[in-house]
Amino acid sequence: MRRLSPTAKLMRKSSQQIHQHKRPDRAQRGAQRNPPRPRGPRRVILFNKPFDVLPQFSDEAGRQTLKDFVPIGDVYAAGRLDRDSEGLMVLTNDGALQAALTQPGKRTGKIYYVQVEGEPQESDLAALRHGVNLKDGPTLPAGVEKVAEPAWLWPRQPPIRERKAIPTSWLKITLHEGRNRQVRRMTAHIGYPTLRLIRYAMGEYRLDGLAPGEWREIDASA
């Protein structure tokens, strides 16, 4: 029988300790797979974020945040909506719902109404429908159509800066992923900069008449 030298025994023991340390136990693996459930009653709040409001509850610089509009603690935003964008945010204490709305693998649809500078043609929109190559990789195919200015649209404060000699157009864009400033980068990629961006829907949740700065709590079982 082949005997191991003291050095070989030490190396084998060290290797076993390293692998044991790296391997998570069943409880840890379960926690990784399953987002945390709310400790108290499940809460789901729909908020229409105004322009120039940060998508978070605090800011050391004293800028407007969600806390200035939503006086409810222990809820968190499902995904982000840039400071210069407007529209629907879903706030909840349910980690599973947050994951369903934001994780790339879930492919949850998000609808945006986007005002762009210029008048894109069908060939331009076809590129977005098939996916375009951005700096962080190709986008998934998106739903894109030209639409009239939405009848429910509110005036933005301050108004957008329009150039009189250049017309603007409205697009309805549906994404199934959510990268940083993705819509703006997509329209810029085809040569039509975004002037205004409003998120209208996330999955089954819609603005449905919420005015800027207003919020509504919905039935947690909905």
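Between atom CG of residue Asp124 and atom CD of residue Glu119 there is a gap of 11.0 Å, rounded to the nearest 0.5 Å. Interatomic distance, CG of Leu46 versus OG1 of Thr92, reported as 10.0 Å (0.5 Å rounding). Here CG of Leu207 is found 6.0 Å from CG of Leu210. Values are rounded to the nearest 0.5 Å. The distance from atom CG of Leu81 to atom NZ of Lys110, rounded to the nearest 0.5 Å, is 11.5 Å. Between the NE2 atom of His130 and the OG1 atom of Thr139 there is a distance of 11.5 Å, given to the nearest 0.5 Å. The structure places CD1 of Ile111 at 13.5 Å from CD1 of Ile198, a figure rounded to the nearest 0.5 Å.
Leu91 has its side chain within reach of Val70: a pair of non-hydrogen atoms, C-beta onward, lies under 4.5 Å apart. Within the 4.5 Å cutoff, side-chain heavy atoms of Thr187 are placed close to those of Ile173. Residues Ile45 and Ile72 form a side-chain contact, since some pair of their non-hydrogen atoms from C-beta on lies under 4.5 Å apart. Phe51 places none of its side-chain heavy atoms less than 4.5 Å from the side chain of Gln157. Counting only heavy atoms from C-beta outward, the side chains of Arg83 and Asp52 approach each other to under 4.5 Å. Side-chain contact check for Pro55 versus Phe47: every heavy-atom pair is 4.5 Å or farther apart. Side-chain contact between Val44 and Leu97 is present, with heavy atoms from C-beta onward closer than 4.5 Å. In this structure the side chain of Gln182 reaches within 4.5 angstrom of the side chain of Glu177, judged on heavy atoms.
Proximity of a side-chain donor or acceptor of Arg107 to a complementary backbone N or O of Leu175 within less than 3.5 Å is not detected. A donor-acceptor contact shorter than 3.5 Å links the side chain of Asn93 to the backbone of Pro41. Checked by atom type and distance alone, the side chain of Arg163 never pairs as donor or acceptor with a backbone atom of Ala165 at under 3.5 Å. Between the side chain of Arg129 and the backbone N or O of Val144, at least one donor-acceptor pair lies under 3.5 Å. Of the possible donor and acceptor atoms, one in the side chain of Asp59 sits under 3.5 Å from a partner among the backbone N and O of Arg63. Formation of a donor-acceptor pair under 3.5 Å by the Thr108 side chain with backbone atoms of Gly203 is not found in this model. Remark: the backbone N or O of Arg185 is not paired with any side-chain donor or acceptor of His189 at under 3.5 angstrom. Side chain of Gln103 to backbone of Leu101: no donor-acceptor contact under 3.5 angstrom is found.
Hydrophobic clustering of Ile, Leu, Val, Met, Phe, Trp and Tyr side chains at less than 4.5 Å, counting indirect connections, keeps Tyr192 apart from Leu195. Residues Met202 and Ile218 fall within the same hydrophobic cluster, defined by Ile, Leu, Val, Met, Phe, Trp and Tyr side chains chained together at heavy-atom separations under 4.5 Å. Leu153 and Leu88 fall within the same hydrophobic cluster, where Ile, Leu, Val, Met, Phe, Trp and Tyr residues are linked whenever their side-chain heavy atoms come under 4.5 Å apart, directly or through other members.
For Tyr113, the ring pair (Phe, Tyr, Trp, His ring centres under 6.0 Å) test picks out Trp152, Tyr200, with sequence neighbours left out.
The shortest non-hydrogen separation linking Asn133 to Pro138 is OD1-CB, 3.3 Å. Across every non-hydrogen atom of Gln98 and Thr102, the tightest pair is O-OG1, 2.6 Å. Of all heavy-atom pairs spanning Ala127 and Ile190, the tightest one is CB-CG2, 4.3 Å. Residues Gly79 and Met89 come closest through the heavy atom pair O-CE, 4.0 Å.
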side-chain contact (heavy atoms from CB on, under 4.5 Å) between Gln56 and Leu66, worked out: CA-CA 6 Å; Gln56 58 204 44; Leu66 304 180; 5.6 Å; no

Worked check of salt bridge (charged side-chain N to carboxylate O under 4.0 Å, His left out) between Arg43 and Asp94: CA-CA 7 Å; Arg43 306 194 75 171; Asp94 187 346; over 6 Å; no

side-chain contact (heavy atoms from CB on, under 4.5 Å) between Arg216 and Asp208, worked out: CA-CA 10 Å; Arg216 175 174 65 246; Asp208 284 343; 3.8 Å; yes

Derivation and outcome, side-chain contact (heavy atoms from CB on, under 4.5 Å), residues Val75 and Glu217: CA-CA 11 Å; Val75 292; Glu217 186 162 10; over 6 Å; no

side-chain contact (heavy atoms from CB on, under 4.5 Å) evaluation trace for Ser85 with Arg184: CA-CA 10 Å; Ser85 298; Arg184 297 178 187 276; 3.0 Å; yes

Verdict with supporting geometry, Lys49 and Asp82, salt bridge (charged side-chain N to carboxylate O under 4.0 Å, His left out): CA-CA 10 Å; Lys49 188 188 85 66; Asp82 294 321; over 6 Å; no

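The cationic atom of Arg199 (NZ for Lys, CZ for Arg) does not lie both less than 6.0 Å from the six-membered ring centre of Tyr112 and within 45° of the ring axis.
A salt bridge (Lys or Arg N to Asp or Glu O under 4.0 Å) with Arg196 is found for one member of Glu86, Glu149, Glu117, Glu162 and no other, namely Glu86. Tested against Met186 for a side-chain contact (heavy atoms from CB on, under 4.5 Å), the candidates Leu171, Thr194, Val114, Leu134 yield a single pass: Leu134.
More than 12 heavy-atom neighbours from other residues, nucleotides or ligands sit within 6.0 angstrom of NZ on Lys146.
Listed by first and then second residue, the side-chain hydrogen bond (donor to acceptor under 3.5 Å, both in side chains) pairs that reach into residues 167-176 are Gln115-Thr168, sequence neighbours excluded.
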